[in-house]
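Sequence lines set the chain letters: A, B, ... in the order given, protein chains first and strands last, and positions in each chain run from 1.
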Amino acid sequence: MASHLPIVQFEDKIMKTVEDNAVVVIIGETGSGKSTQLSQMLHRRGYTKSGIIAVTQPRRVAAVSVARRVAQELGVTLGEEVGYAIRFEDRTSDLTRIKYLTDGVLLRECLSSPELNQYSVIILDEAHERSLNTDILMGLVKRLVKTRASKLKVLVTSATLDGEKVSEFFSDCPVLNVPGKLYPVEILYSEERPKSYIESSLRTAMDIHVREPEGDVLIFMTGQDDIDKLVSKLEDRVQSLEEGSCMDAIILPLHGSLPPELQVRVFSPPPPNCRRFIVATNIAETSLTVDGVVYVIDSGYVKQRQYNPSTGMYSLDIVQISKVQANQRAGRAGRTRPGKCYRLYSSEVYQEEFLDVTVPEIQRSSLAGSVLYLKSLDLPDIDILKFDFLDPPSFESLEDALKQLYLIDAIDDTGLITSVGQTMAELPLEPSLSRTLMEANENGCLSQALTVAAMLSAETTLLAGQSKSNEKKRKHPPPDLPDGSGYGDHVQLLQIFEEWDQNEFDIGWCKDKGLQVRGMMFVKDVRRQLSQLMQKIAKGSLNVRTNERYKERQRDYKNLRKALCVGYANKLAERMVQHNGYRTIGFKPQLVQVHPSSTLKTDEDGMFPNYVVYHELIATSRPFMRNVCAVEMPWVNPILKKLEKLNIDKLSGGSGHSIREESETKVSSLPKKEEAVTGVPDDRESRIQAARDRFLARKGKK
DNA sequence: GAGCACTGC
């Protein structure tokens, strides 16, 4: 049935190599069939006799669809011999021999079974995407291969430009190449970078439309704004074409904040004699595959989130893509027949400026959660600062994680995990929220905290996708949602859920209030999962129900805000004396503003509260605190005391080579903006910065 | 009065 797939011809060679080696790297280009075939080959060769074959995927949909496909090919019922496990959904049974799962689920399984003994083979698929979870799994699996009592085979699949590096990491294990089943894609470079890549994409798209034979066009942009602009320009130009001079055109935007029903439009084929233009973010690079694409226009840029450990701030930057990403984008043109990729940059830029591989997420994120996770595994002789990562995060980033964990009592002053920390690691939440739940459990406001944690887990998917233009078009006023009683966004999120609860979780209510139904259903799922986990952990009777009478007595939300203050001790800010700006505490101090979308209220004098905790710092046009909650001085004092006592050398195991040069107490010198938004080490940083400057300069000129 | 790319437990 799958004999047409290129990988099948390599079965003997792959199996021989797997037999002789504990770890094998498979370079499998798109369409090679690696995701569906490797597991079946191993199954045929008896590797499922001594255990289960696990295949990890970075995305839920992929885990489900690939499992479904394999079950079909083997002629078995999904959930029996072949199954999958994703959050909220475990479709496996005692019969299961091949199990597809997200890498996050496999990490959770490690918590209860650190040696993963039920598995005879672990396949880490799509490792070249370098998700945070995949990177941690690679480190763990490398240990397991050496330490586990029973034999373990590991296969890692990656991309051409990354294979050697992964092989080196796994003690120079063999690398096998499996060709893909892509049609040739002709790469056409621009001579130079365009002044405006919107205009340049528009010109290129119209050229294709007028000159080239039928086939859809996929255009990669960086964000919703640019997509909307290009879509409307394309519509204008297509309409101004002379009737009958060329085929019809349909223009579709495609990005993550588009409601699902608009996203799926790209899956319905165009009517005859009609060309589709799909203007997309990098969602079309890996997550969604659009059939019928023959032409790709690649701007060469992507919007990327990065974390700066010295300021605790994220920034969303437009950066150049990597060679792997560029090739992935080009490959989207060759799925159904030979295609063309128009790169809006020169081959010199591709060769010399583009990084081989995307900067791994582990070097762009806050590591508090990951460090806590690794500490909770209690691996023998392991120093977290020396954990064997394929690409280690910066020392500074690990120190930042330790400091944050210390402030929320997850580790003690010598860096050892506490019993509080151990419990926190069991919860599928970021550390601040896990800590809040535990404190709320002591405080008698667990039910409220569960709701807040669940709402924040889904927060970005709650508000229905609305573009600027749509907002203007819409006549009716914004739906009236609760206002958080002035205490800020956490309380507002709680009130929204409670109101939905009072309306019997009615779907119509969500729609009226402009809330995404899917997002709200997700909140319910998360809340249920968290309640169950808390019940198991606390072993006693808990009040996890939303309880009306209790709520009535708590109009000032004091207990909840207190619990949040303990949980967010690592995310605290103090208002400036003379104005409504805040200064962050516990990091290199940053001047930040309450995000304009916040419901936090000012007092009669127009001033915000003296202290707030925030969910996240994000630098967009300016540095903002997103999702803030008012807290009070007496709750803040213990945190300030703890900060005074902070000894980072002791936390990191007294290794003595701490790189902290700037004293925590140098409050007066606020950093310049450039310092505030960078977070990528070494020369890469300056290259990305330079690219961003050039890009912004061009954008500004036009 | 500003604007969030994409995943996941």
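Atom-to-atom, CG of A:L316 to C1' of B:dT7 comes out at 14 Å; the value is rounded to the nearest Å. When rounded to the nearest whole Å, the span between CD of A:E89 and C1' of B:dG8 equals 15 Å. Here the C1' atom of nucleotide B:dC9 and the CZ atom of A:R59 are 16 Å apart, to the nearest Å. The interatomic distance linking A:R364 (CZ) with B:dT7 (C1') rounds to 11 Å, in whole Å. Distance, A:L111 CG to B:dC9 P: 14 Å, rounded to whole Å. The interatomic distance linking A:L367 (CG) with B:dC9 (P) rounds to 19 Å, in whole Å. Taking atom CG of residue A:D90 and atom C1' of nucleotide B:dG8, one finds them 17 Å apart after rounding to whole Å. Atom pair A:R528:CZ and B:dC9:C1' shows a separation of 16 Å (rounding to whole Å applied).
Side-chain atoms of A:Y84 and A:E89 form a donor-acceptor pair, as typed in the model, at a separation below 3.5 Å. A donor-acceptor contact closer than 3.5 angstrom is absent between the side chains of A:S315 and A:R305. No side-chain donor from either of A:S322 and A:D356 sits under 3.5 Å from a side-chain acceptor of the other. With 3.5 Å as the limit, one finds no donor-acceptor pair spanning the side chains of A:D125 and A:T56.
If you check B:dA5, B:dG8, B:dC6 against the side chain of A:K303, the one that comes closest is B:dA5. The side chain of A:F624 lies closest to B:dA2 when the candidates are B:dA2, B:dG8, B:dC6. Side-chain proximity of A:R87 to B:dA5, B:dT7, B:dC9: nearest is B:dC9. Closest approach to the A:P596 side chain among B:dA5, B:dA2, B:dC9 is made by B:dA2 (side chain taken as heavy atoms from C-beta onward).
Taking side-chain N and O atoms only, A:Q304 has no distance below 4.0 Å to OP1 or OP2 of B:dC6. A sub-4.0 Å separation between OP1 or OP2 of B:dA2 and a side-chain N or O of A:R622 is present. Within the 4.0 Å cut-off from OP1 or OP2 of B:dC6, not a single side-chain nitrogen or oxygen of A:T286 is found.
Between A:I618 and A:A85, the one whose closest nucleotide on DNA chain B sits nearer the 5' end is A:I618. The residue among A:Q263 and A:S597 whose nearest nucleotide of DNA chain B lies closer to the 5′ end is A:S597.
In this structure, A:F522 and A:F88 have perpendicular ring planes: the angle between them is above 60°, well past the 30° mark. Note: A:Y314 and A:Y307 have tilted aromatic rings, judged against thresholds of 30 and 60 degrees for the angle between ring planes.
Among the atoms of the strands shown, only primed sugar atoms or phosphate atoms (P, OP1, OP2) are found under 4.0 Å from some heavy atom of A:V105. A:R305 comes within contact range of at least one nucleobase, with a heavy-atom separation under 4.0 Å. Looking at heavy-atom distances under 4.0 Å, A:L132 makes no contact with the nucleic acid at all. Note on A:S131: nothing from the nucleic acid sits closer than 4.0 angstrom, heavy atoms only. Among the protein residues, A:E109 comes within range of no part of the nucleic acid, since none of its heavy atoms lies under 4.0 Å from any strand.
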